[in-house]
Amino acid sequence: MKNSDVLRVLLAGSSAGDRQWIIELLQSGSSWRFEFLESDTGEAALRQALLPAGSLERILLAAPLADMDAMRLLDRLVDPQGITPCPVVVITPGNGRELGPVLLRAGAQDYIGEDWLSPYVLARAVDNARVRWAMERDLCARDDALQRSEAFARGVQRLTQTIIDGAGALVFAKDLEGRYFLTNRAWRDRAGLSEEQAAGITDEVVYGPQVARDLRYNDQQVLASGRLIVAEETTYRQGQPVYYLSSKFPLVDETGRTYAVCGVSTDVTSLKQAQAALQARERELQTLADNTPDILARFDRQLRHVFVSAAIERMTGRAPQEFIGRTPRELGMPAGLSDCWENAVQAAFQTGQAQTVEFNYPAPAGLHHFSGRFVPEFGPQGAIEHVLGVLHDITEQKRAEQDINRLLEEERHYSRLLARMAQASRKMHASLSADEIVQVLTQQAREILGARRAVTRLTLEAPDERTLQAVAVADDTPPTDPPPGGTLLAVPLTGQGGQQIGIVQLAGGPYGEFTAEDRAVLMQLAAIASTSLENACLYASLREADHRKDEFLATLAHELRNPLAPIRNGLEILRRSGQLTGPAARARDMMERQLAHMVRLVDDLLDVSRISRGKVDLRLARITLQSVVDNALESSRPAIEGSGHSLVLQLATQPVWIEGDLTRLAQVVSNLLNNAAKYTPAGGRIELSAQAEAGRAVIRVIDNGTGISADMLPRVFDLFAQVDRTIEHSQGGLGIGLSLVKKLVELHGGDIRAESAGLSQGSRFTVRLPLAGPPGHAAPSASENGRTGLSAVPCRVLVCDDNVDGAESLSLMLGLLGHEVRTVHDGSQALEAARAWRPEVVLLDIGLPGLSGYDVAQRLRAEPALAGVLLVAVTGWGTEDDQRRSAQAGFDYHLTKPVEASALEAVLACRRPAQPRAD
Ligand code: ADP
């Protein structure tokens, strides 16, 4: 301290005198400049001492105080470390020997007994106190720093321990003898040891000698090299290896001496396992890549191969290594192929989308077809790292596709061919004309086989035993062109019996030559045509036979009528003569019945043949169902009653109008009634109903007779159909009746239906006809007319028939009826007799020798003298045609043999007024 500096003395003492005395002593004994701050109480002294120091150095001189002793003062002045805020010198009473050391311990820097007060002592005490206070403070500050650094060191140690304990890895340090002196919690947990147990333990104890040797070897490496090493170390837990990646480094003291090995070991077992699994997977993938027939190639962004599978070698003959690091172009791939691949790879990189391409690769072994798929491979960050190409060889698939397409094309060709053949076949089968069939064959054969020209020649025995000649030519060569060259194809047309019936020839095939297939097709067409031709011939002959049958039936019926006429006349004569009685009369009746039956059979036969030939004209008129029933009953009642059947009638009370031919419809119902009577055992029951039902006129004939079996039912309406020949025989039918009935009903626009529950169950026949409205005016039908107004007025009748019996019997009957009769047997005689005798009526056969009945009639009509004569044709020919012809020839009436007496009478009643006799 420089003496120029001022020392502030805080002077405390109760006595002002003492304070003054002390000031003087100090000023006199010291070279210091002093500034004195006096206080007379302890409290005031404390306040001053505890005030901040300011720039002046201070010292407290404490003389005895009334309010507090020095110990108390010090006690309140010292801080926790026992240091006062400024140096303190205590002036004690007496010599202060006892109190002095106590004061010093309480924090005072010095003391002076009052007894020893002198300027020198006081100045020296002040100086000592200042020095000592400064030393104490220094000491205290150092102590403080030491404590802080110790606390810091402890903190660091705790932090270090916390860090290494918190580390997942094993952290440890071993001394040069391999004794662990530092371990973290992970290490201890792994070893199953507490901190105390771990301290000083060795690897031998922890891991056993074998593992310890390996671990120690690594430690030695560290010690020998003085550097950090990283090594993989393996220990075992419950027999299972646990792998560590250990970083080991030496610990060196401040002198540079290595005193320990420190290590940090990370458990990499899972990593190792994952690595092993990854490697296994890679091996699998490699095996897959090596063995898949597909070629796998991975590309980088520069389009270079980074991987190719072994399959590439099989295809290119180049080892996979050759590809790595090079682009397809650099590898010398054909330009088109390089473009194709590189474009696909680039597109996959740019778009992130898989690309599919197909390409051909000219492999050394030949051209291969590939389907390639280029797939982007994304890295963990989502960026495309590579593009993987999977190239699939589709050569075989392509070949199969081509085969299938070829087969399909063939299939289509054949189905077109078949369709055309089927069409040709239909056309030929549908045709019944040989000419047409030959035309179709020729045309279709040329078209189907694509030939320029086709010719068919036919030589076929026709049914009329003429040889049918037909030739057809189909040609698409212009007439100016020379005939088509190339091969010819000729196939015979063969009949069922193997005989050749013609030949079809083709020239100018589409490709020059005809193939075996063309020949097969032509043979098939020829076979179809042959069958069609034979069918056409068969049909023609059937039609011919059918025609002849109808002709024969018509002739037969006509010829049968001739002998019937005299029989009927004869029987009528017998009846009218009234001479027969007893058995003879019964025999005559029986003969009449049988004759009626026979006449009906002949009529039916004729009708059927006429309907079949379309030669029946209906005489349509507005008639009632009731009139039909009446007419039918009139002819059938005898048959019904003759068999003792009961007849139940159910007829509409109101007239039911229909448009029909009364005679024909009566014939229908009568036929049904006759059948019912015929096929029902005697004493049966027959029901006849006729009424309007659901807008139709319905006639039902029901019996409880023999019935019809199910298999026969559908055929009862066929011509000549009979259930049982033996029954037929006994019943005397021909199997014509129902056929005729059906045809007549259908001619009327109606239908008929047969029903039966089976044999012995009876039968039901239902006829349905269209209804008609009632007529505007009632016009009596011809037949009704014919039956009315019979007249017995005698007249002159000339009979002309070349059938002598017929003529005679008719004359006899007319004579019995009271007429005057002359008989001739040919036309000339008839003309002669007519001119001479002037008959009122001429009954004239048509089929006469020499002049026919028509000729005679025309001539008679030409003679004015015979103008009024009634000309009646009496003939076996009874068709509408015949009737029309007779009317044209001048006949007034046309009667069909055998003529019924009543019909004859009706006609005679219509004769013209009597002519004056010539004779
Ligand atoms: P036909 O009576 O002359 O033999 P049809 O054509 O009238 O010929 O009848 C054909 C066949 O139908 C008969 O032979 C008979 O077997 C059977 N038939 C017809 N009507 C009846 C009926 N009412 N009951 C049983 N069978 C019948």
Side-chain angles (χ1 to χ4, degrees), residues 549 553 556-557 560 593-612 616 629 632-633 635-650 664-690 698-747 750-767:
K549 179 206 73 190
L553 286 179
L556 179 68
L560 285 174
R593 281 196 304 279
Q594 291 309 313
L595 179 70
H597 185 56
M598 193 147 172
V599 169
R600 203 165 47 246
L601 282 179
V602 171
D603 285 349
D604 282 357
L605 203 55
L606 203 58
D607 280 345
V608 164
S609 81
R610 279 160 55 201
I611 295 176
S612 305
V616 165
V629 169
L633 279 175
S635 56
S636 297
R637 213 181 273 277
I640 296 169
E641 285 168 1
S643 299
H645 300 310
S646 63
L647 178 67
V648 181
L649 289 177
Q650 249 190 315
R664 292 309 195 178
L665 288 179
Q667 192 181 354
V668 165
V669 180
S670 166
N671 251 317
L672 296 176
L673 286 171
N674 290 349
N675 274 351
K678 194 155 64 161
Y679 298 108
T680 302
R685 173 191 157 95
I686 296 172
E687 262 179 67
L688 170 64
S689 74
V698 181
I699 304 164
R700 279 197 191 83
V701 178
I702 305 167
D703 64 56
N704 63 348
T706 57
I708 305 169
S709 62
D711 60 327
M712 186 60 193
L713 258 183
R715 291 190 288 123
V716 284
F717 296 107
D718 293 350
L719 188 58
F720 307 127
Q722 284 175 327
V723 171
D724 186 337
R725 290 274 160 196
T726 56
I727 292 174
E728 169 267 311
H729 213 71
S730 64
Q731 303 294 342
L734 279 178
I736 298 172
L738 286 182
S739 164
L740 180 62
V741 162
K742 184 165 192 277
K743 285 176 172 152
L744 286 174
V745 169
E746 284 169 355
L747 277 179
D751 58 68
I752 179 162
R753 186 186 159 95
E755 294 162 287
S756 173
L759 290 176
S760 309
Q761 304 289 310
S763 311
R764 166 203 294 249
F765 286 83
T766 309
V767 176

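Read the numbers this way: they start at 1 and go in the same order the structure lists the ligands and their atoms.
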Step by step, work out the side chain to side chain contact (heavy atoms under 4.5 Å, CB included) result for Val668 and Leu740.
CA-CA 8 Å; Val668 165; Leu740 180 62; over 6 Å; no
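Under the 4.0 angstrom criterion for non-hydrogen atoms, Gly705 is not in contact with ligand 1. Between Met712 and ligand 1 there is no heavy-atom distance shorter than 4.0 Å. Residue Phe765 places a heavy atom less than 4.0 Å from ligand 1.
Ser643 places no side-chain N or O within donor-acceptor distance of the main-chain N or O of His645, the cut-off being under 3.5 Å. When atom types are taken as modelled, the side chain of Asp703 and the backbone of Ile686 share no donor-acceptor pair closer than 3.5 angstrom.
Near Thr706, with a cut-off below 4.0 Å to any heavy atom, the atoms of ligand 1 are 25 (C). Those atoms of ligand 1 that come under 4.0 Å of a heavy atom in Lys678, given as number and element, are 1 (P), 2 (O), 3 (O). Each of the atoms 5 (P), 6 (O), 7 (O) of ligand 1 lies under 4.0 Å from some heavy atom of Gly737. Within ligand 1, counting atoms from 1 as listed, the ones closer than 4.0 Å to a heavy atom of Ile736 are 6 (O), 8 (O).
For the pairing with Ile699, the side-chain contact (heavy atoms from CB on, under 4.5 Å) check across Thr766, Val767, Ile752 returns one residue only, Val767.
Each salt bridge (Lys or Arg N to Asp or Glu O under 4.0 Å) pair with one or both residues in residues 758-767, not counting sequence neighbours, appears once here: Glu755-Arg764.
Taking only nitrogen or oxygen atoms, main chain and side chain alike, Ser739 does not reach within less than 3.5 Å of ligand 1.
Atom CD of Glu641 is separated from atom CG of Leu647 by 8.0 Å, given to the nearest 0.5 angstrom.
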